[in-house]
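First the structure, in the form of structure tokens, and then the observations on it.
What you see is a predicted model, and the numbers here were worked out from it, not measured in a lab.
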Amino acid sequence: MEQEREDFRNCKRCLLREMAESEEYFSSIQDYIENMDPDIKAKKALYERRLAVCKECDMLLQGMCRKCGCYVELRAAVAGNTCPGKKW
């Protein structure tokens, strides 16, 4: 059981929304995204496509992009943003 917890804490290719330990933190990020100005917010389908690409990326670690240090859920939520690795 301890090994499972350790593996979970070092989750590679996980988004914040998938990690129970970050549930409270992700909730505040999700609130921020939901209340974002619709003029700058990415459409839901685009947001989900971007996150799917991030989940396959070797630079994703515990919801954070190791290339630039951002939380990918926040970067993907802004329509005008791009991936620092030029994947989307």
Side-chain angles (χ1 to χ4, degrees):
M1 183 63 137
E2 185 61 35
Q3 180 63 38
E4 286 179 29
R5 290 182 69 82
E6 188 173 313
D7 290 344
F8 186 71
R9 278 187 237 145
N10 297 312
C11 187
K12 293 182 180 178
R13 296 189 184 166
C14 288
L15 301 172
L16 288 176
R17 66 184 179 189
E18 299 168 337
M19 299 180 339
E21 289 178 341
S22 67
E23 188 173 321
E24 186 176 320
Y25 187 69
F26 178 69
S27 178
S28 65
I29 289 176
Q30 191 62 31
D31 288 344
Y32 179 83
I33 292 170
E34 288 175 12
N35 293 304
M36 194 178 283
D37 184 339
D39 293 336
I40 65 166
K41 189 174 175 182
K43 302 282 187 216
K44 178 97 170 133
L46 175 61
Y47 177 70
E48 293 299 330
R49 278 196 308 271
R50 287 175 170 183
L51 293 181
V53 171
C54 292
K55 280 193 54 85
E56 297 300 318
C57 182
D58 291 336
M59 298 305 289
L60 180 65
L61 179 64
Q62 296 180 316
M64 183 181 284
C65 174
R66 293 185 295 152
K67 186 138 182 111
C68 71
C70 76
Y71 285 106
V72 297
E73 278 118 333
L74 286 174
R75 179 178 287 276
V78 178
N81 282 350
T82 59
C83 167
K86 302 189 184 350
K87 295 185 177 188
W88 49 260

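What you find for Leu15 and Val72 is that their closest heavy atoms are CD2-CG2, 3.5 Å. Of all non-hydrogen atoms in Cys83 and Arg75, the two that sit nearest each other are CA-CD, 4.5 Å. The nearest pair of heavy atoms linking Lys55 to Leu60 is CA-CD2, 3.8 Å. Across Trp88 and Asn81, no two heavy atoms sit closer than the pair CZ3-O, 3.5 Å.
Between atom NZ of residue Lys41 and atom CD of residue Glu34 there is a gap of 6.5 Å, rounded to the nearest 0.5 Å. Rounded to the nearest 0.5 Å, atoms CE (Met59) and SG (Cys68) are 9.0 Å apart. Rounded to the nearest 0.5 angstrom, Ile29 CD1 and Glu73 CD are separated by 6.5 Å. The SG atom of Cys57 lies 3.5 Å from the NZ atom of Lys87; values are rounded to the nearest 0.5 Å.
Following chains of ILVMFWY side-chain contacts shorter than 4.5 Å, one cannot reach Leu46 starting from Val53, and the two form parts of different hydrophobic clusters.
In terms of modelled atom types and a separation under 3.5 Å, the side chain of Arg50 and the main chain of Ala79 share a donor-acceptor contact.
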